[in-house]
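Here is the structure we will look at.
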Amino acid sequence: MTTIYSDAASALDGLLFDGMTICSGGFGLCGLPERLIDAIQASGVKNLTCVSNNAGIDNEGLGKLLRSRQIRKMISSYVGENKEFERQYLAGELEVEFCPQGTLAERCRAGGAGIPGFYTRTGVGTLVAEGKEHKEFDGETYILERGIRADLSIIKGWKADESGNLVFRKTARNFNQPMATAGKICVAEVEEIVPVGSLDPDCIHVPSIFVKRLVLGAPYDKKIEFRTTRQREAT
């Protein structure tokens with residue numbers, strides 16, 4: 001049963017604790033659970049392990065939690081746009097587990113599906129494979145990757161109905177969909193909540209059975225990670 005909350009802080013009430021693991025949806029600045037991240041920052045919870053494709057950018061997304069030193073470890077694929085991430089990592093202040101992007105998505109999907117591990121060729125012969133079990137299938141070497149299960153998933157949707165069925169908009173689906181199922185409990189923020197029956201059942205991306213708590217996060221600022229412009233041609 002999905003419960004609708006008035007704000008992000010109340011939606012997270014009773015769920016946060018020091019040392020927990022959080023799966024966070026989003027990619028760059030697209031599809032970030034902004035309101036929930038702000039509420040986590042305000043709570044002061046610390047020593048977090050955060051699983052996310054990246055850590056946002058400086059002072060945006062999970063970059064806010066890096067700045068406030070609430071994250072102890074990041075499990076990520078791409079972190080090249082966050083200077084504070086780089087500084088903490090190089091200074092030995094932040095533990096980092098790098099994971100190929102497709103492997104990270106599958107680790108979260110597998111965790112949500114109750115699959116403890118799977119074999120993949122991605123990363124064989126690289127640093128990614130160090131310390132992992134190797135196995136041969138049909139003459140090819142594969143490495144064992146573990147599924148990811150988190151204490152909490154925080155995601156951002158476009159629309160939800162009042163029962164918690166979620167729809168994402170275009171590329172904002174990104175990591176939100178696999179992250180939604182990887183947590184023991186999933187809290188979602190959305191741009192719009194509509195009555196039950198308003199959404200096409202064939203277009204539901206995350207069924208309500210996975211979404212335990214829901215909050216309306218609108219209005220949002222449409223932030224742009226990189227703004228590229230050119231001079232208008234003379235007419």
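In this chain, residues are counted from 1 in sequence order. Any value given below was found using the heavy atoms of this structure, including those in side chains, with hydrogens, waters and symmetry copies removed.
Side chains of Thr49 and Arg72: a donor-acceptor N/O pair is present below 3.5 angstrom, by distance only. In the model, Asp7 has a side-chain atom that pairs as donor or acceptor with a side-chain atom of Ser10 under 3.5 Å. For the residue pair Tyr119/Glu133, the side-chain donor-acceptor check at 3.5 Å is satisfied.
Between atom CG of residue Leu12 and atom CG of residue Leu152 there is a gap of 6.5 Å, rounded to the nearest 0.5 Å.
Under the 30°/60° scheme for interplanar angles, the aromatic rings of Phe85 and Phe98 are found to be tilted.
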Inset, instruction - Show your working on salt bridge (Lys or Arg N to Asp or Glu O under 4.0 Å) between Glu191 and Arg169 and close with a plain yes or no. - result: CA-CA 10 Å; Glu191 298 184 33; Arg169 187 172 187 272; over 6 Å; no
Inset, instruction - May I have the step-by-step check of salt bridge (Lys or Arg N to Asp or Glu O under 4.0 Å) for Lys83 and Asp58, ending in yes or no? - result: CA-CA 6 Å; Lys83 296 298 182 184; Asp58 288 298; over 6 Å; no
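For the pair Arg35 and Tyr220, the cation-pi criterion (under 6.0 Å, within 45° of the ring axis) is fulfilled.
By the 4.0 Å N-to-carboxylate-O rule, Glu97 lies close enough to Arg107 to be salt-bridged with it. Arg121 and Glu140 are joined by a salt bridge, as a carboxylate oxygen and a charged side-chain nitrogen come within less than 4.0 angstrom of each other.
Considering only heavy atoms from C-beta on, Asn54 stays 4.5 Å or farther from Ser76 through its side chain.
Asn174 places a side-chain N or O within 3.5 Å of a backbone atom of Cys30 that can act as its donor or acceptor partner.
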